[in-house]
Number of protein chains: 2
Amino acid sequence: MPLTIGQVATAADVNIQTIRYYERRGLFPTPRRTPAGYRQYADDAVARLRFIKHAQELGFSLKEIQELLGLRVRHGAACDAVERKTREKIELVQERIRDLHRMKRTLERLAAACAARQPTDDCPILEALEDHGDVDH
Amino acid sequence: MPLTIGQVATAADVNIQTIRYYERRGLFPTPRRTPAGYRQYADDAVARLRFIKHAQELGFSLKEIQELLGLRVRHGAACDAVERKTREKIELVQERIRDLHRMKRTLERLAAACAARQPTDDCPILEALEDHGDVDH
DNA sequence: TTACACTATGTACCTAGGTACATGGTCAAG
DNA sequence: CTTGACCATGTACCTAGGTACATAGTGTAA
């Protein structure tokens, strides 16, 4: 039994307008309609919305998310391409993780220095930041 | 020898307007001025800009970055507070890393399934997404 | 001393990602 | 058969994070 846009919105905890916005943007397939023009969604629409929100929190843009979701569409014959694109995204994610690890180490150095309360009274965050910023970018 | 805004902008590869924007936003301290009103920066301004850009790539908002940078300012007496705030940020970064790891595993599962080219012809990305989205949020 | 690159301020504009509002149709309950 | 909660479209507006433009002062090199 299909869901209305309001039910989907409530289940995924997003605004109705947002769903329509995603549809316009192409992140959401145009759904079937009732004779009266009401949108009808299957349950996976909720999962899709949750994925979008989650991916956004991880810093992916809607465009990137659209690509991620698009991987599903062209399957079968285009499976090679799907795999390639997926591996690219994995690389991207891996890089982001590495960067965050560096950021974490920077912060840990700061916290440690702070805890040691050095007699110099000079909190080393700026030097830490320079180290951080120059590691590889 | 102090740098002009243009020199800083060039060195850090950002727009001049962006530096002034950051100043308005409070991310950048108001610099000393020449008698004519020209802003004068020390070398660390460049490091600061690079840090901001880097933190942004990691998904921090300007507000969060402002907080990160602010940790340096209230040092000495407020060192406890600095350490507490820093540890909070570390927690946040750690969480982001965990999320990205989950995202990566999701993508890896997809790539693997794709490589195996299952006879069912059904690329499992949506199920993968549901798993992903429901792990702990 | 004039030309040109640079700086200043203020205001306007832009993209991304929504959110709200106005207006009107739909449908189920009473 | 009306009322209230939904849905539709279209357009306007909002925040974040810039970027551009107009206008005017500065500084240096020919």
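So you know, we letter chains A, B, ... as the sequences are listed, proteins then strands, and number each from 1. The structure displayed is predicted, hence computed values, not measured ones.
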Problem set entry | A:Thr10 side chain vs A:Gly6 backbone, donor-acceptor pair below 3.5 Å | yes

Which pairs, protein N/O on one side and nucleotides 24-26 of chain C N/O on the other, fall under 3.5 Å?
unit_1	atom_1	unit_2	atom_2	d
C:dG25	N2	A:Tyr38	OH	2.8
C:dT26	O4'	A:Tyr38	OH	3.0

Problem set entry | Whole angstrom value for the distance that separates P of C:dG10 from CZ of B:Arg20 | 11 Å

Problem set entry | Strand-adjacent residues in residues 3-17 of chain A, judged by heavy atoms under 4.0 Å from DNA chain C | A:Asn15, A:Gln17

Exercise. First and last nucleotide of DNA chain D in contact with chain B, 5' to 3', at under 4.0 Å to a heavy atom: what are they?
Worked result: D:dG17 to D:dG27

Problem set entry | Residues forming a side chain to side chain contact (heavy atoms under 4.5 Å, CB included) with A:Asp43, sequence neighbours excluded | A:Leu3

For this session: Hey, which sits more toward the 5' end of DNA chain C by its nearest nucleotide, A:Thr34 or A:Arg24?
Result: A:Arg24

Problem set entry | Contacts of type side chain to side chain donor-acceptor pair (under 3.5 Å), residue A:Gln94, not counting sequence neighbours | B:Lys104

Problem set entry | Pair B:Glu67 + B:Lys89, salt bridge at N-O below 4.0 Å | yes

Exercise. Looking at residues at least two apart in the chain, or sitting in another chain, which of them share a side chain to side chain contact (heavy atoms under 4.5 Å, CB included) with B:Ser61?
Worked result: B:Lys63, B:Glu64

For this session: Could you check A:Glu23 against B:Thr18 and say which one's nearest nucleotide on DNA chain D is further toward the 5' end?
Result: A:Glu23

Problem set entry | A:Glu91: salt bridge (charged side-chain N to carboxylate O under 4.0 Å, His left out) partners, not counting sequence neighbours | A:Arg98

For this session: Look at A:Arg96 together with A:Asp99 and state whether they make a salt bridge at an N to O cut-off of under 4.0 Å.
Result: no

Using a 3.5 Å cut-off and no angle test, enumerate the donor-acceptor pairs between side-chain atoms of residues 23-34 of chain A and protein atoms at least two apart in sequence or in another chain.
unit_1	atom_1	unit_2	atom_2	d
A:Glu23	OE1	A:Arg39	NE	2.7
A:Arg25	NH1	A:Tyr21	OH	3.3
A:Arg33	NH1	A:Gly37	O	2.7
A:Thr34	OG1	A:Ala36	N	3.3
A:Thr34	OG1	A:Gly37	N	3.3
A:Thr34	OG1	A:Tyr38	N	3.0

Problem set entry | Test side chain to side chain contact (heavy atoms under 4.5 Å, CB included) applied to B:Gln56 - qualifying residues, sequence neighbours left out | B:Tyr22, B:Ile52, B:Leu62, B:Ile65

For this session: Just call it for A:Arg25: base, sugar-phosphate, or nothing, with non-hydrogen atoms closer than 4.0 Å on any strand.
Result: sugar-phosphate

For this session: For B:Thr4, enumerate each residue passing the side chain to side chain contact (heavy atoms under 4.5 Å, CB included) test, keeping only those at least two apart in sequence or located in another chain.
Result: B:Gln7

